[in-house]
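Along the sequence shown, residues carry numbers from 1.
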Amino acid sequence: MTQPRLARQIATGRMYARQEGGDLQVPSITTIIGCEANDLGGWYGYSAAQALAADPQLPDALRDSRRRRALVNHAAKAAERHRDQAAQRGDRVHDYCEQLALRAMGREHRVEEARQDLADHHESRFADSADKWWELYRPEPLAAEITVWNSTVGYAGTLDLVARIGGKVCLIDYKTRGTDRSGRVKAPDPKVVTQLVAGLKAEESLVDAATGQWEPWAYGDAEVLMAVAIGETEALTVQAVPDHLPVHWFKFCALAKVWARSTDLEAAGVQLRPLAPPPLEDNPTGRTGGVPQSATARTVEGPAVD
């Protein structure tokens with residue numbers, strides 16, 4: 001997949017600059033959405049237990065405490081390994097889909113190379129599913145891997161595909177997904193709607209990364225927001241329900257504020273400091289004394305809480 005030329009990963013998330021070599025100014029769409037809490041404890045625990053149970057070294061390690069500890073440590077990182085492998089596979093599938101769009105647009109492409117990369121990782125069936133989707137939906141690509149920017153809220157992102165399908169302009173996001181026990185590809189997470197809405201609400205799109213040239217976003221009136229889950233057995237296409245889009249936009253704007261305030265707090269440094277008890281001479285009666293005035297909290301100004 002073509003990496004956005006203006007994006008860079010830092011401690012606070014993925015950030016975008018206005019031009020190559022410029023200062024990083026705003027977070028990515030996915031970084032903002034990542035502020036929403038996710039409880040992955042169950043998945044991490046299951047991944048570790050599954051990795052340990054399937055390890056062929058387990059019987060011998062049960063009789064050796066050192067080997068047992070090493071095996072447990074290795075199993076504990078199973079979720080991270082699975083996540084990284086899935087991310088790499090997703091990059092390869094996205095790359096193949098991007099090359100299909102470039103070929104359809106008559107531009108320079110690497111379709112054969114991208115498909116071979118999938119084959120080398122025993123992932124050709126994902127390419128087959130992507131090919132089938134193109135045959136069924138017959139998209140007319142208008143832009144592929146296009147970077148967009150919103151200065152009002154403060155974010156940027158790179159959209160997988162803008163295409164005309166059935167006469168309607170569609171914003172499309174690809175998701176590489178596994179299959180369930182019946183062999184059907186798993187549906188995308190509803191968070192993809194928030195991601196697509198943020199793309200729809202962009203104000204500018206990138207023309208030239210080297211010079212930092214931008215133009216008004218031409219597809220803010222796209223009629224369909226679409227996610228395509230690409231799996232080994234099929235590609236599942238879903239549309240964001242139009243009536244729910246305003247709520248997703250309000251949610252995204254709220255998460256953008258959470259990201260900004262969290263970043264401010266991280267930059268501020270230590271948030272808690274030790275507090276000693278009051279001196280004995282200030283408490284002659286033995287009753288519980290108050291905290292010295294210099295240590296009391298200042299008035300906190302903020303939004304009212306109902």
Side-chain angles (χ1 to χ4, degrees), residues 1-35 87-88 90-110 113-114 141-164 169-174 191-192 194-222 225 249 252-268:
M1 181 173 63
T2 302
Q3 294 299 319
R5 295 169 63 181
L6 303 183
R8 195 165 81 239
Q9 187 74 27
I10 63 173
T12 54
R14 197 180 203 190
M15 301 288 291
Y16 276 81
R18 290 288 289 181
Q19 70 179 79
E20 281 188 303
D23 293 336
L24 299 174
Q25 297 185 29
V26 297
S28 72
I29 292 172
T30 51
T31 292
I32 289 175
I33 293 175
C35 288
Q88 293 165 7
D91 284 347
R92 290 188 288 270
V93 173
H94 273 73
D95 183 32
Y96 182 69
C97 292
E98 179 188 358
Q99 301 311 314
L100 290 177
L102 293 176
R103 183 176 67 181
M105 297 166 71
R107 294 168 56 183
E108 183 178 349
H109 64 84
R110 299 180 294 99
E113 180 182 336
L142 302 171
E145 291 293 320
I146 182 170
T147 297
V148 296
W149 191 286
N150 182 305
S151 297
T152 302
V153 177
Y155 67 87
T158 301
L159 308 182
D160 291 341
L161 180 66
V162 182
R164 185 173 285 107
V169 175
C170 307
L171 301 189
I172 301 167
D173 190 83
Y174 298 117
K191 288 182 181 179
V192 72
T194 310
Q195 183 178 346
L196 286 165
V197 168
L200 181 72
K201 290 290 189 177
E203 298 169 343
E204 299 173 279
S205 60
L206 181 65
V207 176
D208 187 279
T211 62
Q213 180 184 355
W214 297 75
E215 64 182 6
W217 176 226
Y219 304 112
D221 58 353
L225 304 186
W249 175 239
F252 180 82
C253 292
L255 289 173
K257 292 181 179 179
V258 171
W259 180 88
R261 298 299 173 262
S262 297
T263 303
D264 290 343
L265 289 174
E266 288 182 13

Point to revise | Thr152 vs Glu203, side chain to side chain donor-acceptor pair (under 3.5 Å): CA-CA, chis, key distance, verdict | key: CA-CA 8 Å; Thr152 302; Glu203 298 169 343; 2.5 Å; yes
Practice item. Please report the C-alpha distance between Gln195 and Ile33 in whole Å, then the side-chain angles of each, then the deciding distance to 0.1 Å, and finally whether the side-chain contact (heavy atoms from CB on, under 4.5 Å) criterion is met. Key: CA-CA 7 Å; Gln195 183 178 346; Ile33 293 175; 3.8 Å; yes
Report yes if some heavy atom in the side chain of [X] is under 4.5 Å from a heavy atom in the side chain of [Y]; otherwise report no.
{"X": "Arg18", "Y": "Trp149", "value": "yes"}
{"X": "Val148", "Y": "Thr158", "value": "no"}
{"X": "Val162", "Y": "Val169", "value": "yes"}
{"X": "Trp259", "Y": "Thr31", "value": "yes"}
{"X": "Glu98", "Y": "Asp160", "value": "no"}
{"X": "Thr12", "Y": "Glu266", "value": "yes"}
{"X": "Thr211", "Y": "Gln19", "value": "no"}
{"X": "Ser151", "Y": "Glu204", "value": "yes"}

**Study point:** Asp23 atom CG, over 12 foreign heavy atoms within 6.0 Å
**Key:** no
Review point. How about Gln9: does its CD atom have over 12 heavy atoms from other parts shown lying under 6.0 Å from it?
Key: yes
Compare every heavy atom of [Y] with every heavy atom of [X], then report the nearest pair and how far apart it is.
{"X": "Asp95", "Y": "Ala114", "value": "OD2-CB, 3.8 Å"}
{"X": "Ala256", "Y": "Val153", "value": "CB-CG1, 3.8 Å"}
{"X": "Ser205", "Y": "Ile146", "value": "CB-CD1, 3.8 Å"}
{"X": "Ser28", "Y": "Tyr16", "value": "CB-CE1, 3.6 Å"}
{"X": "Ile172", "Y": "Ala163", "value": "CD1-CB, 4.1 Å"}
{"X": "Gly154", "Y": "Pro27", "value": "O-CD, 3.4 Å"}

Separation of [Y] [atom2] from [X] [atom1] (nearest 0.5 Å):
{"X": "Leu142", "Y": "Arg164", "atom1": "CG", "atom2": "CZ", "result": "5.0 Å"}
{"X": "Leu255", "Y": "Ile32", "atom1": "CG", "atom2": "CD1", "result": "8.0 Å"}
{"X": "His94", "Y": "Asp173", "atom1": "NE2", "atom2": "CG", "result": "5.5 Å"}
{"X": "Leu161", "Y": "Met105", "atom1": "CG", "atom2": "CE", "result": "8.5 Å"}
{"X": "Trp214", "Y": "Asp208", "atom1": "CH2", "atom2": "CG", "result": "11.0 Å"}
{"X": "Leu206", "Y": "Glu145", "atom1": "CG", "atom2": "CD", "result": "12.5 Å"}

Practice item. For the pair Tyr155 (side chain) and Ala198 (backbone), establish whether a donor and an acceptor sit closer than 3.5 Å, ignoring hydrogens and angles. Key: yes
Practice item. Measure the acute angle between the ring planes of Phe252 and Trp249, then classify it against the limits of 30° and 60° as parallel, tilted or perpendicular. Key: parallel
